[in-house]
Amino acid sequence: MLEEILRKVADGELSPDKAKEKLATFENLGFAKVDHHRKKRQGFPEVIFGEGKEPSHIIDISRAMMVKKENILITRVTYEKAQVIMEQLPDFQYDHTSRTLFMQNSLDSGHYKGYIAIVCAGTSDLPVAEEAAKTAEAFGVEVRRFYDVGVAGIHRLMAHIDEIREATVSVVVAGMEGALPSVVGGLVSHPIIAVPTSVGYGANFQGLSALLTMLNSCASGISVVNIDNGFGGAYNAVMIHRIANQS
């Protein structure tokens, strides 16, 4: 790409200003620097964390990404904020459960074999589980959902275990005491990304008890992300899935 741009400048087909624009790795909007080089470095475009950002800022960042024909995923967006954004950018699709906005501007989002399993302990954990599911789908990976299969009724998990075992990697989401990843980890031969949630009563400490349970798991092959970080769990799972597809 670099040699092609330099050749066009030398041949007079491209102005130096246009060449500089094409070679820029980020776009400075003043309040934000949009990383247009993220996909080249990491394989996936930048994802916008919506919490704490003004709708106008999200709109401007999204428009900058649209010019580059990138798919745009925005996480942690309230319904009210999403409505303001969609008034200006109606091509976004909002998912209420996961609190995500997604706009598809490119079909080049990956063509992977197999699927990621999203395993969720309880219905109260669904916002985090769906954030994980929507993230993986935005990156072009097939997702299969196995919800409400927590340890309080372990027979529900066992009814789906054969299909879970066929996944490349599982993202296991749980609150309360956070035991589900250990159970799944002892039943499958693929990596587990454990996601603790802040769901639980007082001694849950807003997810700290689930986090510590997962970090102290005796089951092998479990990696743990931060509390309520469905996006981070899915991102790691997609990276593993992508590597598995290269083999």
Side-chain angles (χ1 to χ4, degrees), residues 47-51 73-83 86 92-102 115-161 163-164 167-185 187-188 191-211 213-214 217 222-238 241:
V47 173
I48 301 169
F49 182 69
E51 191 172 305
L73 175 65
I74 310 173
T75 64
R76 300 298 175 91
V77 184
T78 63
Y79 174 79
E80 292 75 18
K81 188 180 290 187
Q83 295 307 301
M86 292 171 69
F92 268 118
Q93 294 182 333
Y94 182 68
D95 181 76
H96 189 273
T97 303
S98 63
R99 297 173 294 169
T100 59
L101 279 165
F102 180 65
Y115 56 89
I116 290 173
I118 308 293
V119 185
C120 180
T123 306
S124 295
D125 302 309
L126 281 181
V128 178
E130 274 299 296
E131 182 181 80
K134 293 296 183 182
T135 297
E137 289 174 339
F139 290 149
V141 176
E142 179 186 350
V143 165
R144 297 193 187 179
R145 295 162 169 83
F146 305 91
Y147 289 173
D148 198 23
V149 293
V151 297
I154 202 67
H155 58 290
R156 300 172 298 176
L157 173 67
M158 301 311 295
H160 301 285
I161 196 60
E163 191 174 0
I164 294 172
T168 307
V169 54
S170 288
V171 178
V172 184
V173 180
M176 298 290 187
E177 84 293 351
L180 186 61
S182 293
V183 176
V184 177
L187 295 171
V188 304
I192 300 291
I193 308 297
V195 185
T197 76
S198 54
V199 171
Y201 293 104
N204 169 264
F205 296 110
Q206 292 78 50
L208 183 59
S209 65
L211 172 65
T213 296
M214 294 174 186
S217 174
I222 296 177
S223 299
V224 188
V225 298
N226 210 342
I227 298 167
D228 290 336
N229 190 6
F231 165 76
Y235 197 102
N236 285 334
V238 169
H241 189 71

Take Thr213 and Met176 through the test side chain to side chain contact (heavy atoms under 4.5 Å, CB included) and record every step on the way to the result. CA-CA 10 Å; Thr213 296; Met176 298 290 187; over 6 Å; no
If the condition is side-chain hydrogen bond (donor to acceptor under 3.5 Å, both in side chains), which residues does Thr135 pass it with, not counting sequence neighbours?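 Thr135: no side-chain hydrogen bond (donor to acceptor under 3.5 Å, both in side chains) contacts found.
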Option passing side chain to side chain contact (heavy atoms under 4.5 Å, CB included) with Val149 (candidates Ile161, Leu157, Ile154):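 Only one option passes, and that is Leu157.
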Could you pull out the closest heavy-atom pair between [X] and [Y], with the gap in Å?
X      : Y      : answer
Ile227 : Thr197 : CG2-C, 4.0 Å
Val171 : Ala132 : CG1-CB, 4.2 Å
Tyr115 : His241 : N-CE1, 3.5 Å
Ala174 : Ala121 : CB-CB, 3.7 Å
Ser217 : Ser182 : OG-OG, 2.7 Å
Val151 : Ala179 : CG1-CB, 4.1 Å

Ile74 versus Phe92: any side-chain heavy-atom pair under 4.5 Å?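 Counting from C-beta outward, Ile74 and Phe92 do come under 4.5 Å.
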Heavy-atom distance under 4.5 Å between the side chains of Arg99 and Tyr94, does that happen here?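 Sidechains of Tyr94 and Arg99: in contact.
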Going by the rule ring-ring contact (aromatic ring centres under 6.0 Å, His included), which residues pair with Tyr147 if we only count those two or more places apart in sequence or in a different chain?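 Partners of Tyr147 under the ring-ring contact (aromatic ring centres under 6.0 Å, His included) test: none.
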ring-ring contact (aromatic ring centres under 6.0 Å, His included) against His160, all qualifying residues, sequence neighbours excluded: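 Listed in chain order: Phe146.
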CD of Gln93: more than 12 outside heavy atoms within 6.0 angstrom?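 At most 12 heavy atoms, drawn from other residues, nucleotides or ligands, come within 6.0 Å of this atom.
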With rounding to the nearest 0.5 Å, note down the distance linking [atom1] in [X] to [atom2] in [Y].
X      : Y      : atom1 : atom2 : result
Met214 : Ile193 : CE    : CD1   : 12.0 Å
Leu101 : Met86  : CG    : CE    : 6.5 Å
Thr100 : Asp95  : OG1   : CG    : 4.5 Å
Lys134 : Thr97  : NZ    : OG1   : 8.5 Å
Arg144 : Ile118 : CZ    : CD1   : 12.5 Å
Phe139 : Leu73  : CZ    : CG    : 6.0 Å

Taking Asn236 for the side chain and Gly233 for the main chain, is one N or O donor matched with an acceptor at less than 3.5 Å?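 Here the side-chain-to-backbone pair does not exist.
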Check: Ser198 main-chain N/O paired with Asp228 side-chain donor or acceptor under 3.5 Å: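 Judged by distance alone, yes, a pair lies under 3.5 Å.
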